[in-house]
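Have a look at the structure below before the remarks.
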Amino acid sequence: MSEIRVRFAPSPTGFLHVGGARTALYNWLFARHHGGVFVLRIEDTDADRSKPELVTAILESLQWLGLDWDEGPYYQSARLDRYRRLAIELERRDWAYPCFCTPDELQAKRARSEAERRPWKYDGTCRNLSAVERQARRHRPLALRFRVPDTGETSFDDKVFGHITVENRDLEDFVLLRSDGQPTYHLGVVADDLDMRITHVIRGADHLSNTPKQVLMYQAIEAPPPTFAHLPLILGPDRQRLSKRHGATSVGAYREQGILPEALLNFLALLGWTPPKGPDGREREILSRDEMVLAFSLEAVSKSNAVFDFEKLAWMNSEYLRHLPRERLMAVVEQELKSAGIWPERPNADERQRLQAAALLLQSRARNLRDFSCAGRALFTDEFDYDPQAVGRFWKEGSLAELLEELAQRLARLEPFDLTETERCLRALAEERGVKAGVLINAARVALTGQAVAPGLFEVMLVLGRERVAQRLRRAADYLRRNSRPS
RNA sequence: GGCGCUAUCGUCUAGGGGUUAGGACGUGAGAUUCUCAAUCUCAAAACCCGGGUUCGAUUCCCGGUAGCGCUACCA
């Protein structure tokens, strides 16, 4: 009956991580699936580690992925008095109490416990202080702690993990308000999720163990807790939690590597969620955003952690690249070429046409956007080098210089200059000189593209155009003559 | 250490008391060819271990093991 409201609440202590992106995606999918509201909230209560410029970066990454939010971003740093009020309310109800222990003291006690190999839990030094004792310590900075009942148990039903129960005695009296007046995470989330009328908390499983504490807080203020759904973690290839050590972990890094947002999104969606079978009864992995929205459900989210498999992402990216509609292909390739500095800001009609023809040629073999500006470079600019490996592999034949020169001449006056005629022309020359066509083709490929690997030679010729082809063949012939000094 | 969670091919996963344990990425072989990619065919590849329950467990229960998470005046 009431509207579904979910939130994504990153803390600006780093760039948007793929794990965070997946959490955002699942929240977004859930909201869109149910016609609910997706709220964005910035958890910046850790003043030391939060950086405003990271907020911008996170927002940009979300936008790039197309995860649009309906409300926010709200900033926790702007709601400090609200948290303080909740803390005071908790204290008034005797669910919280002031603690005068300093971090140093606690640190020392904890260290001692650990040295004696005894489990540490806040020892409750300030838990039952009398009014007089509290008065006596007024001059010391104070934090506010939540009073966890020492008996009983706390439980909740997680949409993904099922029923979770913990003994209250295993929970410690955690801090709600730091001595500098800043709220801790627990106080912040509960207050915000309450105020923002969040109905479903969908977040990483690293919060699973924290949830009972929050449930306790909801009970303390006699508010119904939201529904929780925890997501399995994303791990690196070594099965450790994914971190910078593993290389690229931020959304921005993948963007820079030429990954398409739709591919990253699709890949992330599959890391922990299995879509139901398609209408044809077959399992499917490639789903459009709309299909995902339609198919998404928390029930189909898996419980076990998943290793981030870059190879599969690369495959999925090439899959998306290959099926990109022409207009979008043009747009992303042009963008890529411009940022690589090999395409004019304002291309003329001729260049636009070449862009289209070349992009289409490269499309089926590109794994990422970078392949257009790197592997496909020679199709867009005259400035390219001969790859030494390609030279070593295909420029071995002795008479190549002369052959290429001759080919250049014939092609220069070939009429018409099309797919069949260029091929016929080349094959005829090869036959006359008793060379295998493949040898000439490969040699010409290196001459035209500088590479051993490129699209079909005659397609490349058409894209480059007669003049450029002749010119590059001659340039190669020159190069060969200069470098073929017998040794 | 304590507490919590998890466990199917190398990876992501489907399945579920009786199945040839299915799919995808990756890997290998072949077809094709002008290099590569694409495509097509084929192949190898998994139910963590031990007990129970049962006529029958990969599936249900218990224990072990392993991994991960939490155990902060981080989030």
Side-chain angles (χ1 to χ4, degrees), chain A residues 9-11 13 43-46 48-50 76 99 101-103 106-107 110 113-114 116-122 141-145 158 161-162 164-167 169-172 174-186 188-189 203-213 230 232-233 235 237 239-241 267 270-274 277 282-286 302-316 318-319 322 362-367 371 375 390 393-394 423 426 436-442 444-446 449 451-458:
Chain A
S11 63
T13 53
E43 306 212 329
D44 55 353
T45 53
D46 183 348
D48 295 337
R49 297 197 303 147
S50 297
Q76 288 196 322
C99 173
C101 302
T102 66
L106 293 168
Q107 184 72 34
R110 192 177 308 129
S113 278
E114 269 162 30
E116 293 165 24
R117 279 184 306 165
R118 303 185 44 216
W120 163 259
K121 192 178 132 180
Y122 175 63
L142 88 185
L144 209 65
R145 279 184 192 271
D158 191 276
F161 286 92
I164 305 285
T165 306
V166 292
E167 298 285 341
R169 78 172 82 92
D170 290 326
L171 264 25
E172 73 169 359
F174 52 95
V175 171
L176 294 170
L177 213 50
R178 292 190 261 258
S179 45
D180 63 1
Q182 292 275 326
T184 61
Y185 170 67
H186 296 296
V189 251
R203 70 217 318 183
D206 46 345
H207 291 295
L208 198 58
S209 302
N210 290 140
T211 307
K213 295 179 194 164
H230 288 87
L233 267 20
L235 311 177
R239 299 212 142 265
Q240 298 284 308
R241 194 178 184 166
F267 174 73
L270 260 28
L271 234 45
W273 171 65
T274 310
K277 292 194 167 83
R282 291 181 50 82
E283 296 175 15
R284 51 187 174 155
E285 300 219 299
I286 304 288
S302 114
K303 288 195 264 274
S304 42
N305 295 344
V307 172
F308 188 95
D309 181 5
F310 181 77
E311 281 306 313
K312 186 154 183 175
L313 169 58
W315 162 78
M316 192 164 283
S318 65
E319 190 72 16
R322 248 180 292 131
L362 260 7
Q363 186 175 21
S364 72
R365 52 209 101 206
R367 297 203 95 195
D371 286 340
R393 188 172 162 202
F394 292 129
E423 177 156 11
L426 182 142
K436 280 208 225 153
V439 171
L440 223 201
I441 288 174
N442 287 326
R445 169 175 296 110
V446 180
T449 67
Q451 310 238 263
V453 171
L457 181 68
F458 306 102

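Computation of the quantities below employed the complete heavy-atom set of this structure, encompassing side-chain atoms and omitting hydrogens, waters and symmetry-equivalent molecules. Lettering follows sequence order; numbering is per chain, from 1.
Here the shortest heavy-atom pairing between A/Pro183 and A/Thr45 reads CG-CG2, 3.7 Å.
OP1 and OP2 of B/C12 both lie 4.0 Å or more from every side-chain N or O belonging to A/Trp315. Contact annotation: A/Arg284 side-chain N/O to B/A24 OP1/OP2 distance is not under 4.0 Å. Contact check, A/Arg110 against B/C73: a side-chain N or O comes under 4.0 Å of OP1 or OP2.
Although no hydrogens or angles enter the test, the distance criterion places a donor-acceptor pair under 3.5 Å between the side chain of A/Asp158 and the main chain of A/His230.
Evaluation of atom-type donor-acceptor distances gives no pair under 3.5 Å for the side chain of A/Asp206 against the base of B/A75. Contact of A/Thr184 with B/C73 (side chain to base): no donor-acceptor pair of N or O atoms is detected under 3.5 Å. Scanning atom types as modelled, no donor and acceptor separated by under 3.5 angstrom connect the side chain of A/Gln240 and the base of B/G67.
The CG atom of A/Leu270 sits 17 Å away from the P atom of B/U11 (whole-angstrom rounding).
Comparing B/U35, B/U11, B/G4 by their closest approach to the side chain of A/Val307 singles out B/U11. Closest to the side chain of A/Arg239, from the set B/A72, B/C73, B/C12, is B/C12. Distances from the side chain of A/Pro103 to the nucleotides B/G69, B/A24, B/C73 place B/C73 closest. The side chain of A/Asp170 sits closest to B/G2 out of B/C25, B/G2, B/C34.
A salt bridge does not link A/Lys312 to A/Glu319: none of the charged side-chain nitrogens sits closer than 4.0 Å to a carboxylate oxygen.
Across all strands shown, A/Glu285 has heavy atoms under 4.0 Å from base atoms, whether or not it also approaches the sugar-phosphate.
Relative orientation of the A/His207 and A/Tyr185 rings is parallel, given thresholds of 30° and 60° on the angle between their planes.
Taking the P atoms as reference points, B/U58 lies 15 Å from B/U8, given to the whole Å. Look at the P atom in both B/G10 and B/G64: the space between them is 26 Å, to the nearest Å. Separating the P atom of B/G28 from that of B/C36 is a span of 14 Å, rounded to the nearest Å.
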